[in-house]
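Down below is the structure, laid out as structure tokens.
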Amino acid sequence: AITVYTCPAHFEAEVQLLLVNNLHTGVVDLTVKGIISSTNIPVVTTYSMAVDEILDVLNSRPIALKAADTIVVTAGTASKLNVVVTVREIYTG
């Protein structure tokens with residue numbers, strides 16, 4: 001499991017895009033979760049990604065996060081997924 005984004009202190013964030021690409025030579029299982037207010041929220045549970053597949057995890061539906069909330073991605077085969085995250089951060093003071 002790898003944390004791909006953590007909302008910084010004094011900010012709120014909107015995760016606008018979360019793309020995952022399978023770089024492995026075979027199928028790779030993908031799991032994505034948000035840890036929001038210390039609670040695990042499943043976003044994708046064991047999705048089998050085909051070779052060279054690109055998945056739009058959020059399907060154009062943003063996720064709102066507060067300070068210390070995180071997005072965690074797990075690959076069934078370590079280090080074989082490429083992840084791109086686009087985030088809009090808003091300073092809250």
Side-chain angles (χ1 to χ4, degrees):
I2 274 235
T3 299
V4 296
Y5 177 74
T6 301
C7 185
H10 308 291
F11 281 85
E12 291 181 352
E14 181 181 85
V15 181
Q16 298 175 326
L17 183 67
L18 178 57
L19 297 177
V20 180
N21 172 240
N22 178 3
L23 301 173
H24 190 50
T25 56
V27 172
V28 175
D29 287 341
L30 164 70
T31 302
V32 179
K33 67 181 176 181
I35 302 176
I36 300 171
S37 299
S38 300
T39 302
N40 288 330
I41 308 293
V43 178
V44 174
T45 304
T46 316
Y47 175 79
S48 294
M49 291 192 70
V51 176
D52 294 327
E53 180 178 0
I54 297 172
L55 178 66
D56 178 357
V57 173
L58 301 179
N59 197 22
S60 301
R61 287 174 264 166
I63 294 176
L65 302 176
K66 295 191 182 248
D69 291 348
T70 61
I71 301 292
V72 178
V73 174
T74 304
T77 303
S79 303
K80 297 297 181 179
L81 297 177
N82 196 22
V83 180
V84 175
V85 182
T86 302
V87 179
R88 189 177 121 233
E89 295 179 336
I90 301 136
Y91 182 70
T92 58

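- In this structure the side chain of Leu19 never reaches within 4.5 angstrom of the side chain of Val57, judged on heavy atoms.
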Carefully, step by step, assess Leu30 and Thr74 under the rule side chain to side chain contact (heavy atoms under 4.5 Å, CB included).
-> CA-CA 6 Å; Leu30 164 70; Thr74 304; over 6 Å; no
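- In this structure, Val44 is a member of the same hydrophobic cluster as Val15, with clusters built from ILVMFWY side-chain heavy atoms closer than 4.5 Å.
- Side-chain atoms of Ile63 and Leu58, non-hydrogen and from C-beta on, do get closer than 4.5 Å to each other.
- Below 30°, between 30° and 60°, or above 60°: for Tyr91 and Phe11 the angle between ring planes is above 60°, a perpendicular geometry.
- Between the side chain of His10 and the backbone N or O of Thr92, no donor-acceptor pair lies under 3.5 Å.
- Atom-to-atom distance recorded for Leu23:CG and Lys80:NZ is 8.5 Å, nearest 0.5 angstrom.
- Atom-to-atom distance recorded for Glu53:CD and Leu55:CG is 6.0 Å, nearest 0.5 angstrom.
- Closest approach of Ala13 and Val87 over heavy atoms only: CB-CG1, 3.7 Å.
- Listed for the Asn82 side chain is no donor-acceptor partner under 3.5 Å among the backbone atoms of Asn21.
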Using the side chain to side chain contact (heavy atoms under 4.5 Å, CB included) rule, take Val73 and Thr31 through it: C-alpha gap first, then chi angles, then the decisive distance, then the call.
-> CA-CA 6 Å; Val73 174; Thr31 302; over 6 Å; no
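- Of all non-hydrogen atoms in Val43 and Gly34, the two that sit nearest each other are CG2-N, 4.0 Å.
- For CG of Leu17, the number of neighbouring non-hydrogen atoms (other residues, nucleotides, ligands) closer than 6.0 Å is greater than 12.
- Asn22 and Met49 make their closest contact through ND2-O, 3.0 Å (heavy atoms, listed as atom of the first residue, atom of the second, distance).
- Under a hydrophobic clustering in which Ile, Leu, Val, Met, Phe, Trp and Tyr are joined whenever their side-chain heavy atoms come within less than 4.5 Å, directly or via other members, Ile41 and Val32 fall into the same cluster.
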Hey, can you pull the donor-acceptor pairs under 3.5 Å for the side chains in residues 65-72, sequence neighbours left out?
{"unit_1": "Asp69", "atom_1": "OD1", "unit_2": "Ser37", "atom_2": "N", "d": "3.0"}
{"unit_1": "Asp69", "atom_1": "OD2", "unit_2": "Lys66", "atom_2": "N", "d": "2.8"}

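- Val83 has its side chain within reach of Leu18: a pair of non-hydrogen atoms, C-beta onward, lies under 4.5 Å apart.
- Taking hydrophobic clusters as Ile, Leu, Val, Met, Phe, Trp and Tyr residues chained together by side-chain heavy-atom distances below 4.5 Å, Val20 does not share a cluster with Val27.
- Under the side chain to side chain donor-acceptor pair (under 3.5 Å) criterion, Ser48 pairs with Asp29, sequence neighbours left out.
- Pro42 and Asn40 make their closest contact through CD-O, 3.7 Å (heavy atoms, listed as atom of the first residue, atom of the second, distance).
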